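Inspection log for the structure reproduced underneath, given as structure tokens.
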Amino acid sequence: MIRFARLLDRLSFEPRRSAKLALMREHFIETPDPERGLALAALTGGLSFRHAKPAMLRALVAERVDPHLFALSYDFVGDLSETIALIWPNGEGGDASPPALQEVVARLETARRGEVPALIAGWLDTLDETGRWALLKLVTGGLRVGVSARLAKTAVAGLGSLQPDDIEEVWHGLDPPYETLFAWALGTGERPRSDDPVPFRPPMLAHPAEDRDLDDFAPAEFAAEWKWDGIRVQAAAGYDGSGALRRRLYSRTGEDLSAAFPDLVAALDVEAVIDGELLVVIDGEVRSFNTLQQRLNRKSVTAKLMASHPAAIRAYDLLSLDGEDLRDLPFRDRRARLEDFVARLASPRIDLSPLVEVAGLEELAQARNAPETLHAGADAQAIEGLMLKRWASSYVPGRPKGQWFKWKRDPHRIDAVLMYAQRGHGKRSSFYSDYTFGVWREAGEAGEELVPVGKAYFGFTDEELAEIDRFVRQNTVNRFGPVREVRHDTEVGLVLEIAFEGLNRSTRHKSGVAMRFPRVARLRFDKPPAEADRIETLEALLPADERAPASLRKTRAG
Amino acid sequence: MTLGADLLTLTDEGLYCPQGGFHIDPTRPVERALITHGHADHARAGHGAVLASDETLKIMAVRYGEGFTGMRQRADAGETLDINGVLVSFHPAGHVLGSMQIRLERGATRVVVSGDYKRQADPTCAPFEPVACDVFITEATFGLPVFRHPEARDEIAKLLASLQTFAGRTHLVGAYALGKAQRVIAELRAAGYDRTIYLHGALEKLCRLYEAEGVDLGPLETVGRRSKELAGEVVLCPPGQLADRWARRFGDPVTAIASGWVRVRARARQRGAELPLVISDHADWDDLRATIKETGAGEVWVTHGAEEALVHWCRGEGLAARPLNLIGYGDDGEAELDAGAAIPDGVPAGETTERETMAGKAAGG
Ligand SMILES: [Zn+2]
Ligand SMILES: [Zn+2]
């Protein structure tokens with residue numbers, strides 16, 4: 001627990017991806033099994049004990065600390081777990097030694113609800129400030145140290161000569177404490193025999209299309225599809241050793257969504273791996289992203305919700321069929337297999353994302369902004385724009401250059417990261433409802449930084465407001481009067497999809513641009529902040545005569 | 001009227017002893033000043049006469065030049081002076097080199113003004129000496145129970161571990177020029193680190209003064225024109241330089257900050273600490289309370305920081321206590337640096353119209 005606490009402590013302050021990787025690698029090398037594997041499980045969200053609630057922690061600390069002093073301290077520190085970690089009396093544990101991570105995990109997994117407070121209090125008594133902070137992070141279920149599951153797996157891969165995607169491919173067949181995985185990564189063991197018939201296959205991603213990408217666009221070389229306003233998923237089904245068909249629904253980051261979508265999982269009754277868009281479809285019509293969102297972020301789902309919000313997949317690629325890996329085939333061939341497959345499947349829950357058959361760029365540009373004039377019909381409002389995929393492209397994980405483009409329709413939308421939130425007025429005075437958001441830009445030696453590009457205070461529903469407010473309170477790093485700065489780094493942050501009507505150059509603003517009519521189009525809790533947009537995306541939207549020469553931009557950024 | 005009010009009153013310049021005709025740590029130039037220690041918020045230039053420890057006088061001369069005061073008088077620890085019928089003596093405070101508490105006695109009343117102090121061991125200055133009194137005027141920079149400083153050697157161990165993990169990167173440590181920098185160096189030496197330690201120019205004079213006063217700091221050199229060749233070395237600079245252009249010369253340094261404030265994560269992040277070193281020259285919550293009890297004082301005036309919590313605790317212990325809102329202190333690098341902080345400039349407001357209408361609609365819908 002002490003080593004793990006030290007690791008979390010260092011990670012929480014370290015902004016550099018490479019340094020985070022170094023810290024994790026060092027930990028994995030120096031820490032024996034099973035402690036390192038449990039640390040990996042904690043970092044990848046793979047521990048499954050019941051989490052402690054803030055109310056319980058408050059009650060624990062109230063037994064030991066003067067409430068007025070606690071209140072003053074909490075007000076100063078701003079974070080409940082941290083306040084408790086710092087204020088907890090020292091030296092109450094006598095000679096008892098601090099628990100190993102293994103003990104904490106094992107006891108919490110088997111403890112009955114009533115036993116948890118005494119367990120936690122006992123451990124807090126034996127730990128120091130940093131240890132208590134780490135323990136409380138662990139038991140409340142939110143490490144928030146700026147490490148994604150992907151980054152932790154990348155660190156494991158870096159122990160030897162594996163690639164992160166090698167880890168992804170065996171990951172879902174493994175369980176904590178991952179002893180065979182570490183042995184493989186360190187070169188002392190074989191590749192873990194994956195009994196998992198449905199591993200996650202890292203997805204191929206598209207580049208945002210900017211005007212210059214399309215300057216020498218050859219329509220004959222590209223397939224055009226609608227870009228649907230849903231969630232990218234991978235639906236996989238395969239036979240395990242005993243001949244049973246196992247099925248799983250993954251998010252594009254490899255998160256297992258199966259439990260939230262049993263209705264959809266049940267529809268996957270053929271051995272295949274589909275890449276497609278998760279949507280809510282009612283009476284054959286795609287519903288808004290907001291409707292879909294009500295089914296996300298859930299560990300389980302009620303029959304009622306499944307009936308009122310039926311989920312479907314609009315398939316656009318086929319990665320594997322009947323045990324045959326299709327990823328090396330060109331998109332043209334995969335598409336043909338996909339069309340055939342979907343037709344044979346004849347499932348109301350899995351349909352085909354249609355191709356947009358137009359002759360030239362001009363028509364594509366029109367289709368992008370007016371999908372309803374083409375064959376999209378009633379679903380047009382669920383279209384975000386176009387996907388352009390090179391017919392010859394094989395399915396390559398990551399974001400290979402020049403293969404796939406996403407070409408969004410107007411209004412302009414960008415994915416920005418929430419940086420600051422300010423309390424509203426009147427009815428909203430208890431909510432953080434005014435948001436300053438930023439996009440990435442290069443920052444010289446420091447790598448990438450977010451630069452604020454706008455403020456938005458509407459566009460969201462009351463429910464979404466409550467969700468953002470919760471996020472703000474749980475991720476505050478600074479307070480300036482009514483303003484809170486929230487975590488906004490590559491790993492942790494809230495991505496807001498911002499819609500806006502246009503953009504102008506502005507000398508008043510650090511970013512050099514000012515948005516017209518920005519509003520929060522939707523919340524992207526599903527999107528890692530590192531994948532939010534970059535300032536270049538915005539600059540490309542500037543009217544041609546307002547684009548500063550590149551040299552000028554550089555000076556400003558420096 | 002409280003007990004101590006016979007001896008000390010609060011003026012615009014700070015604490016004043018009418019009978020003795022002197023101020024203690026005045027924030028503006030006065031005729032006669034008694035100075036607890038050399039930090040800029042306590043020791044200002046331009047007084048008519050200054051009474052302070054020998055080291056404090058030397059520190060002031062280094063900082064302000066020899067003409068920092070009209071007249072100067074040296075106060076030796078434990079020696080009693082009679083100033084217009086007030087018995088005055090200086091006693092080590094353990095804060096920085098030459099730091100003193102000031103004890104005043106007149107009639108049956110004994111008052112001790114703590115100045116800044118700490119109880120942790122510090123190889124660079126004389127340890128705090130508890131002085132019995134009736135009224136104790138204590139600082140409370142870290143007067144909240146969340147502040148319990150760890151052992152400095154454990155924090156130094158973190159720095160040494162990082163030097164191993166990130167051996168190719170300069171470790172840039174932000175430390176205040178008077179006291180903290182020398183303590184960090186001395187603790188590094190105590191931990192066996194014997195490589196040359198590099199200094200930002202602003203730290204050099206005071207390090208040399210410490211050495212002249214007999215504090216061994218090992219091999220030191222100023223950074224000068226060096227830059228990337230200091231990869232893997234320890235470089236000390238004032239905290240304000242960490243985010244300055246000057247720091248860019250080191251490429252991709254590990255940014256450490258030695259301060260009690262970095263115990264709180266949000267504050268550490270706000271200051272850009274990647275390696276927070278919780279090393280403070282002020283008493284922490286436990287030591288503040290222990291010291292108050294040790295003095296035997298029945299009355300406590302709390303100043304210089306988080307007064308409310310400590311006053312609350314004193315009252316719970318049956319002690320008369322009051323906050324003393326001295327203004328102008330807390331500028332010694334451990335003070336609140338974020339007082340004037342604000343949201344970064346240049347945040348575009350968006351060119352929206354009908355804000356109230358739209359906001360109301362969103363909230364209602
Ligand atoms: Zn001081
Ligand atoms: Zn001070």
Side-chain angles (χ1 to χ4, degrees), chain A residues 10 12-16 19 22-23 26 65-66 68-70 72-73 76-79 82-83 86-87 90 128-129 133 420 424-428 433 436 444-446 452-462 465 476-480 483 485 506 508-511 513-518, chain B residues 143-148 150 154 158 161-162 164-166 169 248 250-255 262-270 272-276 278 285-286 306 308-310 312-313 316 338 341-353 355-356 358-365:
Chain A
R10 285 305 310 274
S12 74
F13 287 111
E14 180 54 69
R16 289 170 195 76
L23 290 167
E26 189 176 72
V65 178
D66 174 313
H68 185 59
L69 293 177
F70 181 80
L72 289 172
S73 297
F76 182 86
V77 174
D79 176 275
E82 187 180 350
T83 309
L86 292 176
I87 208 169
N90 278 330
D128 67 2
E129 278 87 345
W133 169 78
Y420 304 94
H425 301 282
K427 246 167 101 179
R428 291 210 215 156
S433 62
T436 300
E445 308 275 8
V453 291
K455 282 187 177 189
Y457 27 80
F458 64 97
F460 36 81
T461 63
D462 285 358
L465 173 60
T476 299
V477 294
N478 273 315
R479 300 162 188 233
F480 317 97
V483 177
E485 179 179 5
S506 165
R508 283 182 302 137
H509 303 133
K510 197 169 156 189
S511 63
V513 296
M515 283 180 179
R516 282 197 305 278
F517 215 58
Chain B
L144 277 174
V146 289
F147 289 111
R148 284 172 303 192
D154 294 340
K158 281 194 214 163
S162 179
Q164 292 212 315
T165 307
F166 302 111
R169 292 164 66 191
R248 291 185 195 165
F250 304 109
D252 184 27
V254 173
T255 303
V262 297
R263 177 58 106 179
V264 175
R265 286 162 193 278
R267 310 225 158 204
R269 280 201 200 96
Q270 184 179 326
E274 293 152 13
L275 184 61
V278 187
W285 174 253
D286 289 349
E308 187 180 349
L310 200 57
H312 172 84
W313 175 82
D338 48 359
I343 192 165
D345 61 287
V347 175
E351 296 172 13
T352 330
T353 52
R355 170 182 179 142
E356 291 310 318
M358 298 305 295
K361 191 176 158 198

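Below, read A as the first sequence line, B as the second, and so on, with proteins coming before strands; counting in each chain starts at 1. On a predicted model such as this, the values are computed, not experimentally measured, just so you know.
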Honestly, the part of B:Pro150 sitting under 4.5 Å from a heavy atom of chain A is neither
Margin query: Parallel, tilted or perpendicular: which one describes the rings of A:Phe76 and B:Phe147, with boundaries at 30° and 60°?
Written below: perpendicular
Counting heavy-atom pairs under 4.5 Å with chain A, the top scorer among B:Val254, B:Thr165, B:Thr255 is B:Thr165
d(A:Ile87 CD1, B:Leu144 CG) to nearest 0.5 Å is 8.0 Å
If one checks every heavy atom of B:Arg169 against chain A at 4.5 Å, the contacting part turns out to be side chain
Does B:His312 form a side chain to side chain contact (heavy atoms under 4.5 Å, CB included) with A:Asp66? I'd like the steps, not just the answer. CA-CA 10 Å; B:His312 172 84; A:Asp66 174 313; 2.9 Å; yes
Looking only at heavy atoms, the pair that brings B:Phe166 and A:Ala22 closest together is CE2-CB, 3.8 Å
When the 4.5 angstrom heavy-atom criterion is applied to A:Asn90 and chain B, the contacting part is both
Note: A:Ser73 and B:Val146 closest approach over all heavy atoms is CB-CG1, 3.6 Å
Honestly, the part of B:Ser162 sitting under 4.5 Å from a heavy atom of chain A is both
One should read off an interatomic distance between B:Glu308 CD and A:Leu72 CG, to the nearest 0.5 angstrom, of 4.5 Å
With sequence neighbours left out, the residues meeting side-chain contact (heavy atoms from CB on, under 4.5 Å) with A:Thr476 are A:Val472, A:Arg479, A:Arg484
Chain B shares the most heavy-atom pairs under 4.5 Å, among A:Gly78, A:Ala19, A:Gly444, with A:Ala19
### Task
Go through the steps for A:Glu82 and B:Val264 under the test side chain to side chain contact (heavy atoms under 4.5 Å, CB included), then give the verdict.
CA-CA 8 Å; A:Glu82 187 180 350; B:Val264 175; 4.0 Å; yes
Should B:Asp252 and A:Arg16 count as side-chain neighbours, where that means a heavy-atom distance under 4.5 Å? yes
The interface call for A:Ala456 against chain B, heavy-atom contacts under 4.5 Å, is neither
In this structure, CZ of A:Arg10 is separated from CG of B:Leu275 (nearest 0.5 Å) by 5.0 Å
Taken in chain and number order and not counting sequence neighbours, the residues that satisfy side chain to side chain donor-acceptor pair (under 3.5 Å) with B:Arg265 are A:Asp9, A:Ser12
One option among B:Pro276, B:Ala161, B:Ala273, B:Gly316 has the most heavy-atom pairs under 4.5 Å with chain A, and it is B:Pro276
Let me see the working for A:Leu69 and B:Trp285 under side chain to side chain contact (heavy atoms under 4.5 Å, CB included), right down to the final yes or no. CA-CA 11 Å; A:Leu69 293 177; B:Trp285 174 253; 3.8 Å; yes
* Check: B:Glu274 and A:Pro15 side chains under 4.5 Å, non-hydrogen atoms -> yes
